[in-house]
Number of protein chains: 2
Amino acid sequence: MTTYEYPRAALTVDCVVFGVDEAGLQILLIQRGIAPFRGFWALPGGFVRIDETVEEATRRELREETAVERVHLEQFGIFDAIDRDPRERVISIASYGLVKLLDHRIKAATDAAKAAWFGADDLPRLAFDHAAIASAARKQLQSKVRSEPIGFELLPPKFKLTQLQRLYEAILDRPLDKRNFRKKVLALDLLEELEEVEEDVAHRAARLYRFDERKYRALTKGGFDFSL
Amino acid sequence: MTTYEYPRAALTVDCVVFGVDEAGLQILLIQRGIAPFRGFWALPGGFVRIDETVEEATRRELREETAVERVHLEQFGIFDAIDRDPRERVISIASYGLVKLLDHRIKAATDAAKAAWFGADDLPRLAFDHAAIASAARKQLQSKVRSEPIGFELLPPKFKLTQLQRLYEAILDRPLDKRNFRKKVLALDLLEELEEVEEDVAHRAARLYRFDERKYRALTKGGFDFSL
DNA sequence: CCAAAAGTGTTTCACTTACACCCATGA
DNA sequence: TCATGGGTGTAAGTGAAACACTTTTGG
């Protein structure tokens, strides 16, 4: 059991990094410099080293390839088709990541590896089976957002309810009723209403809110329903 | 990219096989014949070969170690702590499996490897991190059973509603109201009511039902709520 | 005063929950 | 006739969905 009868598959991680801006849900891609799929856009990712966990590998690859550092990660699937990589047998563990776009918009563009954001509905042709991975990630995000308040990971610390609503609309890909949305999200009692309001806008200033992680942790034991 | 800078982790699969009988939810374990953890009970599983998918590896290991053949499998997690295997770095992909206990009750006991069923609440001390894997599998099963009718995988083709209710009670680990359960499960319109009834029982004979996979497939696009 | 987004309640309908008794069968 | 599980309906409460106008601000 310390020697092996069989050759091993290689293990990689791939990560679908989501951000949201005015244009909706965005995904971070890198352009490959080497074959196969040279010149194609692809998900950031790479091989898992023997002395790191899967999450550590994912964070390391994101740092190296896209300079993304603060990111909420969730593993969501395994991609293991025998021929998904033409070079050799590679099994990939897929995660999605959520970042506050403003933090990362510029960094990604200035990193050595060519990285860029694309609209989630408007991805270029991707290397390997990355299109399938990205599509699975969106489905997973849609389903996860109903049972956990992960959406807040995508917003700045202070935000207005309209921003939050736009975020959920982008993720769920359907319009939500304003009054019902506010009623429900406030009823969860996870938001702290701040004194501050928006400034310098040509219309009524919006009240700002902050996600109250303390209240969330208190609620989280027992699970709850976040569906909208 | 065809040679590697870094040594590779080994990739394994582990499977939490669930069955249900009168005593409730059961889990299938094998007793280890070799070190480490010699003599301990463990989840069936083993190394993934280079020419098989993760699901194929899981099915192969189940066949080899427990003679379990017909099983509904779902991957649910990755166990990747650096030191989870004392021999070397091993990353494991965990699945749970659902079997009709009657099919497998005897086979498991007669296979070469020593295998046996244990009450899910009454597991022995397990090898490696298998206790954590089994516990995660139960949680996952509880949550999955709310969104998909996987419970039927655990029952014989023809069953009575009381059996189905006992099954859900075993999985969810709480009592359910008989009238509400029947109302809801019939309202889903996934069951075909058979002409046949139970026989040779010392009380009123129960009507038998069959899961209608056709109707399920029709409903499945759009997703639905199976919570009880 | 106009444009643009913020903010606010009520009604309807569907679903969930709680709850107790009679029925059929074999021993 | 008794013991055992099978089978049935209703009322009250909760949550989801639909829906339109007034407020505030800067230009």
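So you know, we letter chains A, B, ... as the sequences are listed, proteins then strands, and number each from 1.
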Okay, side chain of A/E65, backbone of A/G45: is any donor-acceptor separation there less than 3.5 Å? yes
Compare all side-chain heavy atoms of B/L167 with those of B/L25 and state whether any distance is below 4.5 angstrom. no
Select from A/R204 and B/T162 the residue whose nearest nucleotide in DNA chain D is closer to the 5' end of that strand. B/T162
Please give, in whole Å, the distance from C/dA24 P to B/D200 CG? 19 Å
Closest to side chain of A/R182, choosing from C/dA6, D/dG6, C/dA18: C/dA6
Could you tell me if the side chain of A/F159 sits less than 4.5 Å from the side chain of A/F152, heavy atoms only? yes
Would you kindly give the CZ-to-C1' distance between A/F181 and D/dG15, to the nearest whole Å? 17 Å
Counting distance alone, no hydrogens or angles: does the base of C/dG7 have a donor or acceptor under 3.5 Å from a partner atom on the side chain of A/K178? yes
Quick check: on DNA chain C, is the nucleotide nearest A/R207 upstream (toward 5') of the one nearest B/R179, or the reverse? Name the residue that is more 5'. A/R207
Nearest to the A/H203 side chain among D/dA17, D/dT8, C/dA5, which nucleotide is it? C/dA5
For A/Q165 and C/dG7, what is the distance between atoms CD and P respectively, to the nearest whole Å? 12 Å
Tell me the interatomic distance from A/L191, atom CG, to C/dG7, atom P, rounded to whole angstroms. 13 Å
Is the shortest heavy-atom distance from the side chain of A/K100 to the side chain of A/L155 under 4.5 Å? no
Is the backbone of A/A206 close enough, under 3.5 Å, to the side chain of A/E198 for a donor and an acceptor to pair up by distance? yes
So does B/K183 reach the base of C/dT16 with its side chain, donor to acceptor, closer than 3.5 Å? no
Between B/D177 and A/L228, who's closer to the 5' end of DNA chain D by nearest nucleotide? B/D177
Using whole Å, report how far CZ of A/R174 lies from C1' of D/dA16. 12 Å
Would you kindly give the CG-to-C1' distance between A/N180 and D/dC19, to the nearest whole Å? 9 Å
Check the distance between C/dG7's C1' and A/K160's NZ and give it to me in whole angstrom. 13 Å
Between CD of A/Q163 and P of C/dG7 the distance, given in whole Å, is 11 Å
